[in-house]
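Below is one structure, written out as structure tokens; comments come after it.
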Amino acid sequence: MNRAELADFLRRGRARLAPSDVGLTPGARRRTPGLRREEVAQLAGMSVDYYTRLEQSRGPRPSRQMLTALARALRLTEDERDHLFHLAGEEPPRRETASAHVRPGLLLILDRLYDSPAQVVTDCGEVLAQNAMARALSGDVMSRPRRERNLTRGFFLDPAARTLFPPEDHEAIARAQVANLRAVAAARPDDPEPAGLVAELRAGSEEFARLWDAHEVARRDQATKRFLHPLVGLLELDCEVMVSHQQRHLLVVHSARPGTDAHERLQLLRVVGLQDMSTRR
């Protein structure tokens with residue numbers, strides 16, 4: 001681990017970003033350009049003290065998960081992410097497999113969608129990034145251990161995940177999840193990620209096994225989804241899915257048509273939901 005070079009790289013990466021680049025409000029006048037240390041720490045999900053020690057060349061070696069979070073927080077390209085891993089004495093992730101690294105351009109789009117819930121997920125259902133409205137709608141998925149960020153795994157193995165949707169919609173959602181995973185697994189027969197997820201869910205969920213045997217196939221696309229939110233009630237939202245990064249990263253955006261009850265409730269969520277999130281930090 002090259003602590004001095006790592007510290008310099010982190011400082012320079014932080015200095016080149018403006019708050020608006022990462023979906024933050026500028027706030028009070030800043031004495032120096034770039035993000036503050038506490039903002040990078042917040043974006044990466046780490047303590048300010050830990051991040052400060054990294055910038056001061058006295059922190060312990062970051063884990064691979066932490067390096068991935070830092071690369072995302074600093075909006076690094078894949079080459080820059082690999083450099084970050086090398087400075088920390090770690091081998092970068094292989095590029096030919098599904099990557100947890102989200103390209104800066106995709107994160108920029110995500111940050112600009114300030115009034116619509118949006119998140120980046122892999123084709124296997126792992127959440128890689130959320131904007132503030134997505135956290136207000138479905139919770140801060142990125143604060144959970146990585147294993148618990150997969151929406152498909154959660155839907156079939158965690159009963160609490162289903163409370164976000166009306167009970168009468170569960171069957172249709174389950175079928176859509178399985179049909180998408182079957183399409184992904186068929187397209188990537190040599191990739192252990194979808195195959196492992198299928199094996200795990202077949203063993204752990206009778207419902208998944210039943211639906212898998214039905215052999216329905218369909219990629220994620222536009223749809224209408226209904227959410228049950230504890231603060232604003234039922235939200236019927238249009239879901240648009242945009243594909244990126246060799247069709248393995250998906251930008252999922254939820255919106256409501258103006259003039260509908262859902263649109264008014266989504267605007268209410270933008271106020272009360274974000275306030276509720278801030279009180280829990």
Side-chain angles (χ1 to χ4, degrees), residues 23 72 97-142 144 146 148-156 161-162 164-166 169-188 191 193-194 197-198 201 208 211-212 215-229 234-258 260 262-263 265-266 269-270:
R72 186 180 300 122
T97 60
S99 173
H101 179 72
V102 184
R103 292 182 176 181
L106 194 56
L107 288 171
L108 181 64
I109 296 173
L110 183 71
D111 294 331
R112 293 295 187 269
L113 296 169
Y114 60 89
D115 59 351
S116 297
Q119 55 191 14
V120 179
V121 301
T122 67
D123 54 0
C124 283
E126 180 186 346
V127 178
L128 301 178
Q130 295 177 288
N131 68 2
M133 283 293 287
R135 294 193 295 272
L137 176 64
S138 55
D140 187 359
V141 178
M142 298 306 297
R144 306 170 190 168
R146 182 171 180 180
E148 298 176 16
R149 298 176 193 170
N150 188 286
L151 302 178
T152 304
R153 177 184 286 113
F155 190 82
F156 287 100
R162 299 200 176 198
L164 188 60
F165 311 101
D169 294 352
H170 290 178
E171 174 71 15
I173 295 172
R175 289 176 58 188
Q177 294 270 19
V178 175
N180 176 78
L181 184 55
R182 182 173 277 283
V184 173
R188 292 158 53 189
D191 192 328
E193 181 186 4
L197 183 58
V198 169
L201 294 179
F208 180 90
L211 292 172
W212 185 263
H215 212 120
E216 294 185 13
V217 183
R219 288 276 192 173
R220 284 190 178 96
D221 203 344
Q222 64 181 32
T224 299
K225 294 183 180 179
R226 300 197 303 164
F227 296 85
L228 279 176
H229 193 275
L234 182 66
L235 288 158
E236 185 171 301
L237 303 178
D238 294 326
C239 175
E240 292 286 344
V241 179
M242 286 154 271
V243 181
S244 176
H245 194 59
Q246 298 177 341
Q247 297 190 332
R248 295 185 183 181
H249 286 180
L250 313 175
L251 176 62
V252 183
V253 183
H254 293 96
S255 61
R257 281 164 263 184
T260 63
H263 186 264
R265 293 181 181 184
L266 196 60
L269 179 64
R270 185 180 170 192

Fill in: Distance (rounded to the nearest 0.5 Å) between Arg149 CZ and Arg144 CZ
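Between Arg149 CZ and Arg144 CZ, I get 9.5 Å after rounding to 0.5 Å.
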Worksheet item: Quick one: CG on Leu201 to CG on Asn150, what's the gap to the nearest 0.5 Å?
Response: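 Leu201 CG to Asn150 CG: 7.5 Å, rounded to 0.5 Å.
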What residues, two or more places apart in sequence or in another chain, satisfy salt bridge (charged side-chain N to carboxylate O under 4.0 Å, His left out) together with [X]?
X	result
Glu236	none
Glu148	none
Arg162	Glu207
Arg112	none

Worksheet item: Taking C-beta and beyond as the side chain, do Arg248 and Arg188 meet within less than 4.5 Å on heavy atoms?
Response: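 With C-beta onward as the side chain, the pair touches.
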Worksheet item: Would a 4.5 Å heavy-atom cut-off, applied to side chains only, mark Arg135 and Met142 as touching?
Response: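 SC-SC contact between Arg135 and Met142 ruled out.
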Worksheet item: Closest approach of Cys124 and Val184, non-hydrogen atoms and distance?
Response: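 In terms of heavy atoms, the two residues are closest at SG-CG1, 3.8 Å.
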Item to complete: Specify the closest pair of heavy atoms between Met133 and Leu266, including all atoms of both residues, with the distance to one decimal.
Response: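 Where Met133 meets Leu266 most closely, the heavy atoms are CE-O, 3.7 Å.
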Worksheet entry | Pair Arg270 + Asp115, salt bridge at N-O below 4.0 Å |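 Answer for the salt bridge query: no.
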Worksheet entry | Partners passing ring-ring contact (aromatic ring centres under 6.0 Å, His included) against Phe208 (at least two apart in sequence or in another chain) |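 Scan of Phe208 (ring-ring contact (aromatic ring centres under 6.0 Å, His included), adjacent residues dropped) gives Phe156, Trp212.
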Worksheet entry | Under the ring-ring contact (aromatic ring centres under 6.0 Å, His included) test, residues paired with Phe227 that sit two or more places apart |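 Partners of Phe227 by the ring-ring contact (aromatic ring centres under 6.0 Å, His included) criterion, ordered by chain and then number, come out as Phe165, His254.
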